[in-house]
Protein chains: 2
Amino acid sequence: MKVLLVEDDLLLADGVQVALSRKGYAVDHVTRGKDALSLVSSEDSCPDLIILDLGLPDMDGLDLLPKIHQKSAADNFVPVLILSARDALPDKVAGLDSGGDDYLTKPFEVAELLARLRVLERRAGNRTQTSQSATIALGPVSLNTSNHRMRLNSGEEIELPRREFSILRILMENPGRIYSREQLNSKLYNWENDVASNAVDVHLHNLRKKTGADFIRTIRGVGWLVEKHP
Amino acid sequence: MKVLLVEDDLLLADGVQVALSRKGYAVDHVTRGKDALSLVSSEDSCPDLIILDLGLPDMDGLDLLPKIHQKSAADNFVPVLILSARDALPDKVAGLDSGGDDYLTKPFEVAELLARLRVLERRAGNRTQTSQSATIALGPVSLNTSNHRMRLNSGEEIELPRREFSILRILMENPGRIYSREQLNSKLYNWENDVASNAVDVHLHNLRKKTGADFIRTIRGVGWLVEKHP
DNA sequence: CTCTCTCTTAATTTTCTCTTAATTCTGTCC
DNA sequence: GGACAGAATTAAGAGAAAATTAAGAGAGAG
């Protein structure tokens with residue numbers, strides 16, 4: 001899950017970045033609006049979520065919002081969480097009405113930011129699904145996205161390491177969709193160009209020990225998917 | 001736009017109701033969880049948005065959330081904005097993770113409530129299915145180009161190897177058009193004039209085992225095609 | 001600072017796909 | 001009918017992609 005953090009306060013940005021990557025997000029951080037725009041337009045490193053600070057040096061964050069929505073077409077709509085020191089009512093209203101999907105005022109607690117991100121995620125990802133809680137259930141496997149635990153059938157709940165969790169979540173959020181090795185790589189890591197790594201393969205292997213061998217299917221030459229379960 | 005307000009504080013509820021109806025919302029107000037549930041399940045008076053107070057007399061609002069989602073099927077998903085006096089972090093996180101789409105703590109300003117409702121509305125509207133079926137169906141054969149699988153009549157879905165898939169896709173994307181061996185070669189590989197390779201022939205042969213012998217027709221001396229099917 | 005768990009790398013094995021090449025089949029033309 | 005060319009069939013070896021394994025590097029927790 002790739003998050004784009006648009007924030008010019010380096011100290012804050014670092015804190016958020018650490019917290020997010022600890023949860024398995026891949027974080028791209030930029031300080032300027034124009035950099036954000038170019039990332040949104042890019043095919044491969046387009047983020048799944050955007051955290052947008054309104055107080056940017058080069059442009060007003062509010063002006064950025066419509067541009068972001070313009071770039072990200074309807075089919076790959078990217079939700080935006082606004083982060084702002086402006087806690088006055090008109091600012092909130094303006095932010096939300098300009099296209100923000102949520103509005104959090106500084107100072108904030110990281111746990112709340114994370115929870116609100118999960119809401120946006122599940123909205124964006126689970127379009128086809130009825131479950132709107134923090135757990136995704138698909139066939140024999142259910143995955144709790146807030147505590148990173150999975151359960152096979154009615155077995156024990158076990159905790160997944162970060163990378164394994166990220167991969168499983170990506171696959172389970174879009175059942176039936178194939179993700180290539182490159183796609184998974186770009187969602188797991190920041191602007192990588194490391195072509196020759198089989199880290200994803202190894203994580204998949206370890207995941208299959210936990211989900212059962214058949215849950216994650218391989219489409220040879222293309223990628224991996226989990227089936228849509230009835 | 002119909003809003004269901006689940007709130008036992010009558011004074012507050014009245015204020016919200018007035019504000020909402022002034023903005024053109026139709027408001028149903030109930031004070032108990034079970035009443036909310038029955039409204040959600042009802043066919044005709046199912047709301048478009050729910051504002052849920054967590055401190056209800058008859059049941060915990062958090063227990064209500066999954067039930068609401070259960071009742072409202074995937075096609076008419078109803079977003080829930082949680083309203084609560086509990087402003088502690090764990091409460092917020094629990095609320096959002098249980099399926100809440102936003103969390104507003106009391107006391108709040110009505111303008112912010114309205115702005116956040118607009119966000120939920122907007123998002124619900126954006127809920128257009130993105131899963132455009134990328135399948136080409138032609139006569140007895142249908143080919144899913146996103147997961148590289150084909151189906152013959154109503155049989156099993158089977159996966160096609162890469163080269164076979166490419167060939168079948170080319171042929172099925174332009175039914176009625178004839179492709180020569182050279183054309184297929186040049187589409188499959190980047191070299192045009194490999195003189196003596198019958199790799200394409202072999203792939204076609206293997207394809208015909210899966211599509212039935214007649215699906216891909218041979219025009220002797222020219223190439224291959226699949227018919228336009230009515 | 002040390003210990004433990006996680007992540008990545010890299011080598012190896014396994015599995016399946018692709019191509020080659022030899023052979024048979026089929027239609028066409030003289 | 002016979003000869004020819006193009007296409008179909010078949011089997012086997014080469015090749016590529018993925019799975020597996022083990023070990024060392026790295027990050028977090030105490």
Side-chain angles (χ1 to χ4, degrees), chain A residues 14-15 17-27 110 148-150 158-168 171 178-190 192-226, chain B residues 148-150 158-168 171 178-191 193-226:
Chain A
D14 190 55
Q17 192 160 7
V18 167
L20 288 178
S21 39
R22 206 169 278 177
K23 288 292 180 182
Y25 293 92
V27 184
V110 172
H148 293 204
R149 286 172 202 226
M150 65 153 284
I158 57 174
E159 195 159 335
L160 293 180
R162 278 189 287 287
R163 299 259 115 109
E164 289 177 29
F165 168 75
S166 296
I167 292 174
L168 187 57
L171 293 175
I178 303 182
Y179 288 87
S180 68
R181 176 183 284 100
E182 292 72 33
Q183 284 175 310
L184 290 178
N185 263 323
S186 85
K187 284 198 181 291
L188 250 52
Y189 310 99
N190 307 341
E192 49 58 67
N193 353 348
D194 186 24
V195 273
S197 165
N198 69 339
V200 166
D201 300 62
V202 178
H203 291 311
L204 282 165
H205 173 66
N206 292 327
L207 265 175
R208 293 212 251 230
K209 287 182 192 162
K210 296 164 185 168
T211 63
D214 301 336
F215 186 67
I216 299 172
R217 294 199 44 201
T218 303
I219 308 294
R220 187 166 256 257
V222 189
W224 296 270
L225 83 163
V226 313
Chain B
H148 290 212
R149 289 179 194 161
M150 64 153 285
I158 57 173
E159 269 160 39
L160 294 180
R162 207 167 62 243
R163 297 262 121 106
E164 288 177 29
F165 170 77
S166 300
I167 292 175
L168 187 56
L171 294 175
I178 304 178
Y179 288 88
S180 67
R181 181 193 330 280
E182 291 73 33
Q183 283 176 308
L184 290 178
N185 262 323
S186 78
K187 281 192 181 291
L188 251 52
Y189 316 97
N190 290 329
W191 30 270
N193 43 6
D194 180 76
V195 273
S197 166
N198 69 338
V200 165
D201 300 61
V202 177
H203 291 312
L204 282 165
H205 173 65
N206 291 327
L207 266 174
R208 293 210 252 231
K209 285 182 194 163
K210 296 164 184 167
T211 64
D214 302 334
F215 186 67
I216 299 172
R217 285 192 48 200
T218 304
I219 308 296
R220 183 166 256 258
V222 189
W224 298 269
L225 82 162
V226 313

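Values in this document were obtained by computation on a predicted structure and should not be read as measured data. Keep in mind that the numbers below use all heavy atoms, side chains included, and drop hydrogens, waters and symmetry copies. Every chain is numbered from 1 and lettered A, B, ... according to where its sequence line falls, protein lines coming before strand lines.
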Does Tyr189(A) place a side-chain N or O at less than 4.0 Å from the phosphate oxygens OP1/OP2 of dT8(C)?
yes
Between Ser197(A) and dT9(C), does any side-chain N or O lie under 4.0 Å from OP1 or OP2?
yes
Rounding to 0.5 Å, atoms CD1 (Ile158(A)) and CE (Met150(A)) come to a distance of 5.0 Å
At less than 4.0 Å, is any side-chain N or O atom of Arg181(A) found next to OP1 or OP2 of dA17(D)? Yes or no.
no
For residues 199-206 of chain A, dump all side-chain donor-acceptor pairs below 3.5 Å to protein atoms at least two apart in sequence or in another chain.
residue: Asp201(A); atom: OD1; partner: Arg181(A); partner atom: NE; Å: 3.0
residue: Asp201(A); atom: OD1; partner: Arg181(A); partner atom: NH2; Å: 3.1
residue: Asp201(A); atom: OD2; partner: Arg181(A); partner atom: NH2; Å: 2.6
residue: Asn206(A); atom: OD1; partner: Lys209(A); partner atom: NZ; Å: 3.4
residue: Asn206(A); atom: ND2; partner: Val202(A); partner atom: O; Å: 3.3

Let's see if you can work this out: which of dT9(D), dT19(C), dA19(D) has an atom nearest to the side-chain heavy atoms of Arg163(B)?
dT19(C)
Does anything in residues 159-168 of chain A pair up under side chain to side chain donor-acceptor pair (under 3.5 Å), and if so which pairs, sequence neighbours excluded?
Glu164(A)-Lys210(A)
Rounded to whole angstrom units, what separation is found between the CD atom of Glu164(B) and the C1' atom of dC18(C)?
10 Å
Does dT6(C) have OP1 or OP2 under 4.0 Å away from a side-chain N or O of His203(A)?
no
Choosing from dT19(C), dT9(C), dA19(D), which nucleotide comes nearest the side chain of Asn198(A)?
dT9(C)
Mind checking what makes salt bridge (Lys or Arg N to Asp or Glu O under 4.0 Å) contact with Lys187(A), not counting sequence neighbours?
Asp48(A)
How does protein contact run along nucleotides 22-30 of chain D, one letter per nucleotide 5' to 3', with B for base contact, S for sugar-phosphate only, - for none, heavy atoms under 4.0 Å?
---------
Report all interatomic pairs (protein N or O, nucleotide N or O of nucleotides 25-30 of chain C) with separations under 3.5 Å.
residue: dT26(C); atom: O2; partner: Arg220(B); partner atom: NH2; Å: 3.0

Tell me every residue that passes side-chain hydrogen bond (donor to acceptor under 3.5 Å, both in side chains) with Arg220(A), counting only those two or more places apart in sequence or in another chain.
none
Check the distance between dC7(C)'s C1' and Leu207(A)'s CG and give it to me in whole angstrom.
13 Å
Distance in angstrom units between Leu188(A) CG and dT8(C) P, rounded:
8 Å
Working to the nearest 0.5 Å, report the span between CG of Leu207(A) and CG of Leu168(A).
5.5 Å
How close or far is atom P of dA19(D) from atom CD1 of Ile219(A), stated in whole angstroms?
11 Å
Of all residues at least two apart in sequence or in a different chain, which pass the side-chain hydrogen bond (donor to acceptor under 3.5 Å, both in side chains) check with Thr218(A)?
Arg208(A), Trp224(A)
Distance check needed: dT21(D) P versus Asp201(A) CG, whole Å only.
14 Å
May I ask you to evaluate whether His205(B) reaches the phosphate of dA8(D), defined as a side-chain N or O under 4.0 Å from OP1 or OP2?
no
side-chain contact (heavy atoms from CB on, under 4.5 Å) partners of Gln183(B), counting only residues at least two apart:
Arg177(B), Tyr179(B), Ser180(B)
Point-to-point distance, once rounded to the nearest 0.5 Å, from CD of Glu182(B) to CG of Leu184(B)
9.0 Å
His148(A): what forms a ring pair (Phe, Tyr, Trp, His ring centres under 6.0 Å) with it, not counting sequence neighbours?
Phe165(A)
Looking at Thr218(A), does any N or O in its side chain come under 4.0 Å of the phosphate oxygens OP1/OP2 on dA19(D)?
yes
Using whole Å, report how far NZ of Lys209(B) lies from P of dC18(C).
13 Å
Under 4.0 Å between a side-chain N or O of Trp224(B) and OP1 or OP2 of dA8(D)?
yes
Between Glu159(A) (CD) and dC5(C) (C1'), how many Å, whole number?
11 Å
Any residue meeting salt bridge (Lys or Arg N to Asp or Glu O under 4.0 Å) with Asp14(A), in chain and number order, not counting sequence neighbours:
none
Atom CG of Asn206(B) and atom P of dT20(C) are separated, to the nearest Å, by 15 Å
Using the C1' atoms of five pairs at each end, what's the angle between the two axes of the helix from dC1(C)-dG30(D) to dC30(C)-dG1(D), to 10 degrees?
30°
Under the side-chain contact (heavy atoms from CB on, under 4.5 Å) rule, collect the residues that match up with Asp214(B), sequence neighbours excluded.
none
